[in-house]
Amino acid sequence: MNKLEEPAQAMAAVLEGAELSIVVPVFNEEDSVQPLVARIRDAMTGFGKPWELILVDDGSTDRTLPNARKELLQPGLRLRIIELQKNFGQTAAMQAGIDAAAGRLIATLDGDLQNDPKDIPAMVAAIEERELDLLVGWRKNRRDGLLFRKIPSWCANFLIGKITGVKLHDYGCSLKIYRSTVIKQVKLMGEMHRFIPAWVAGVVPSSRIGEMPVTHHARHFGASKYGISRTFRVILDLLAVLFFMRYKARPGHFFGSIGLAAGGVSGLILTYLAFDKFLLGNDIGDRPMLMVGVMLFLSSVQLITTGILAEMMARAYFRDDETTNYIVRQVFEPEPPHA
C-alpha cells in the first residue's frame, strides 16, 4: 500500500479528468464504513463518467481506518483514504477532502449511512440542469428524534435563513453537490460546515444556490456525534457567520461604529456635567453619571483601537491565507497494477 506523507492539496492532481469527487468524513464509524463504500459503488454503477471516492478519517480511535483500507483492494474503485493526524472535527475533515478532490463537481455526505448515495446521480443532473453552483439536500422526511434533533434543527434553519438571507429548508444536511471552482474559494473553519450555503453566498449570488429533497435513513450503527448542546454552538457560530459575511474585509467598521456611538454618548454626558460643574457650580464628584461617561469614553477608545488592529489583521489574513485547519498523517491509495 502506498503511504504518501504530503499535504492533501498536492493529491488533487493525481486523478485528473474525474467528473465527480465524493468526499466522506468519517469518525469512529467502524461498522458503517464498509457498507457505505458498497452503497456508494452501487449507486454510481450507471453514472457513466469518471468519479472518485475520498474517505477522510478524522482521527478515529476504533477500527474505522483498517476497515476502510480493506476497500482499497476492490478492483476498479478509485478510492483514496486521507488519515488526519488527530480528530480535527467534521469541518476540517471536509475541508481536507475538498482540498484533495480532483473532480469538476464535488459531493459530500456523512459516513453514518443516513444519507443515501443513490441521490447523488440525480443531484448531479439537477445542478447541471438548473445551472447552480451549490445544490443542498433537503431531508424532507427526516428519520431522527423529534425533541433533540428535529426541533433544534428547525429553529436553527429558521435563524440561519433570517440572518444570512439564504432561504433553505435544511442547512444541516451533509449531502451537497458543489462546483469545485466555487467551493475551493471558500475556507471552512471551526464548526462552520452547517453554514456552507452562507459562505458560498459570499462568492456567488444566492440565486445559484438551490435544494432538492433527498432520502434520509435512521442510524443503524454507532451513536450520534451531536446532542442538544449543538443548539448553543449553532447560535455562537451564527453570530460569527453574520460578522464574517458583513465585516470580514472591514472589521474596523464594526468595532469603530460601536466605538464612535459610545464616544458620542460619552461626549454628551461629559459636556452636560462640565456645564453643570463650571457654569452652575454644582458638585459632580459623587454622581454616577460621571462614572458612566468616563467608562463610555474608555470603551470608545478601546473599541476604535480594536477596530484598527482588526483591520491590520484582516489585511495580513488576505495576504497569507494558505494555512490549513488540519494535518494529514498519510494518504492511502490502491497499489498501481504491475506491468
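Each residue takes its place number in the sequence, starting with 1.
When every heavy atom of Gly111 is checked against every heavy atom of Ser32, the shortest pair comes out as O-CB, 3.5 Å. For the residue pair Arg78 and Pro50, the shortest heavy atom distance occurs at NH1-CB, 3.1 Å. The two residues Val166 and Ala201 have their closest heavy-atom pair at CG2-CB, 3.6 Å. The shortest heavy-atom contact between Val33 and Thr64 is CG1-O, 3.9 Å.
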Inset, instruction - Please test Val136 against Tyr171 for side-chain contact (heavy atoms from CB on, under 4.5 Å), starting from the C-alpha separation and ending with a verdict. - result: CA-CA 8 Å; Val136 181; Tyr171 267 82; over 6 Å; no

Inset, instruction - Apply the test side-chain contact (heavy atoms from CB on, under 4.5 Å) to residues Leu175 and Met123: give CA-CA distance (whole Å), side-chain angles for both, the deciding distance (0.1 Å), then the verdict. - result: CA-CA 9 Å; Leu175 182 53; Met123 293 183 73; 3.7 Å; yes

Inset, instruction - Applying side-chain contact (heavy atoms from CB on, under 4.5 Å), run through Ile106 and Leu20 and close with a yes or a no. - result: CA-CA 6 Å; Ile106 299 176; Leu20 176 68; 5.9 Å; no

Inset, instruction - Show your reasoning for whether side-chain contact (heavy atoms from CB on, under 4.5 Å) applies to Ile183 and Val200. - result: CA-CA 7 Å; Ile183 191 58; Val200 171; 4.2 Å; yes

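Side-chain atoms of Glu30 come within 3.5 Å of backbone atoms of Arg63 as a donor-acceptor pair (strictly under, hydrogens ignored). At least one donor-acceptor pair under 3.5 Å links the side chain of Asn115 to the backbone N or O of Asp110. Side chain of Ser21 to main chain of Ala102: a donor-acceptor pair is present (N/O by atom type, distance under 3.5 Å, no hydrogens or angles). Judged by distance alone, the side chain of Gln114 and the main-chain N or O of His217 form a donor-acceptor pair under 3.5 Å. Proximity of a side-chain donor or acceptor of Asp116 to a complementary backbone N or O of His216 within less than 3.5 Å is not detected. Formation of a donor-acceptor pair under 3.5 Å by the Thr108 side chain with backbone atoms of Ser174 is found in this model.
Residues Lys118 and Thr215 have side chains not in contact (no heavy-atom distance under 4.5 Å, counting atoms from C-beta outward). A heavy-atom distance below 4.5 Å is found between the side chains of Met44 and Ile120. Here the side chains of Leu105 and Ile127 are in contact, with some heavy-atom distance below 4.5 Å. Put simply, the side chain of Val37 reaches to within 4.5 Å of the side chain of Leu53, judged on heavy atoms. Ile22 is not listed as a side-chain neighbour of Ile54, based on a closest heavy-atom distance of 4.5 Å or more. The closest side-chain heavy-atom distance from Ile40 to Val24 is below 4.5 Å. Residues Phe332 and Arg80 have side chains not in contact (no heavy-atom distance under 4.5 Å, counting atoms from C-beta outward). By the 4.5 Å heavy-atom criterion applied to side chains, Pro334 and Leu77 are not counted as neighbours.
Connectivity analysis of hydrophobic side chains (ILVMFWY, heavy atoms under 4.5 Å, direct or indirect) links Met295 to Met291. In the hydrophobic clustering, Phe278 connects to no other residue, as no ILVMFWY side-chain heavy atoms lie under 4.5 Å from its own.
Under the 4.5 Å side-chain contact rule for hydrophobic residues, Val301 and Ile308 do not share a cluster.
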Donor-acceptor pairs are to be reported for all side-chain atoms of residues 254-275 against protein atoms at under 3.5 Å, with residues two or more places apart or in another chain.
residue : atom : partner : partner atom : Å
Ser257  : OG   : His253  : O            : 2.8
Ser257  : OG   : Phe254  : O            : 2.9
Ser266  : OG   : Gly293  : O            : 2.8
Ser266  : OG   : Phe297  : N            : 3.3
Thr271  : OG1  : Gly267  : O            : 2.6

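Salt bridge status for Arg287 with Asp276: present, with a side-chain N to carboxylate O gap under 4.0 Å. Salt bridge annotation for Arg208-Glu131: absent, with no cationic side-chain nitrogen under 4.0 angstrom from a carboxylate oxygen.
Judged by the 6.0 Å and 45° rule, Lys176 forms no cation-pi pair with Tyr178.
The number of heavy-atom neighbours closer than 6.0 Å to NZ of Lys167, taken from other residues, nucleotides and ligands shown, is above 12.
Summarising the geometry, atom CG belonging to Leu309 is positioned 12.5 Å from atom CD1 belonging to Ile304; distances are rounded to the nearest 0.5 Å.
Pairs passing the ring pair (Phe, Tyr, Trp, His ring centres under 6.0 Å) check and including a residue from residues 103-141, sequence neighbours excluded, read Trp138-His169.
Under the side chain to side chain donor-acceptor pair (under 3.5 Å) criterion, Asn67 pairs with no residue, sequence neighbours left out. Partners of Leu298 by side-chain contact (heavy atoms from CB on, under 4.5 Å), not counting sequence neighbours, listed by chain and number: Val294. For Arg104, the side-chain contact (heavy atoms from CB on, under 4.5 Å) partners two or more places apart in sequence, or in a different chain, are Glu19, Glu128, Arg179. In this structure Asn87 satisfies the side-chain contact (heavy atoms from CB on, under 4.5 Å) test together with Phe27, Asp58, sequence neighbours excluded. In terms of the side chain to side chain donor-acceptor pair (under 3.5 Å) criterion, residue partners of Gln34 (sequence neighbours excluded) are, by chain and number, Glu71. Take Arg41 and apply the side chain to side chain donor-acceptor pair (under 3.5 Å) test, not counting sequence neighbours, and it matches Gln74. For Trp51, there are no ring pair (Phe, Tyr, Trp, His ring centres under 6.0 Å) partners at least two apart in sequence or on another chain. For Ser60, the side chain to side chain donor-acceptor pair (under 3.5 Å) criterion is met by Asp57, not counting sequence neighbours.
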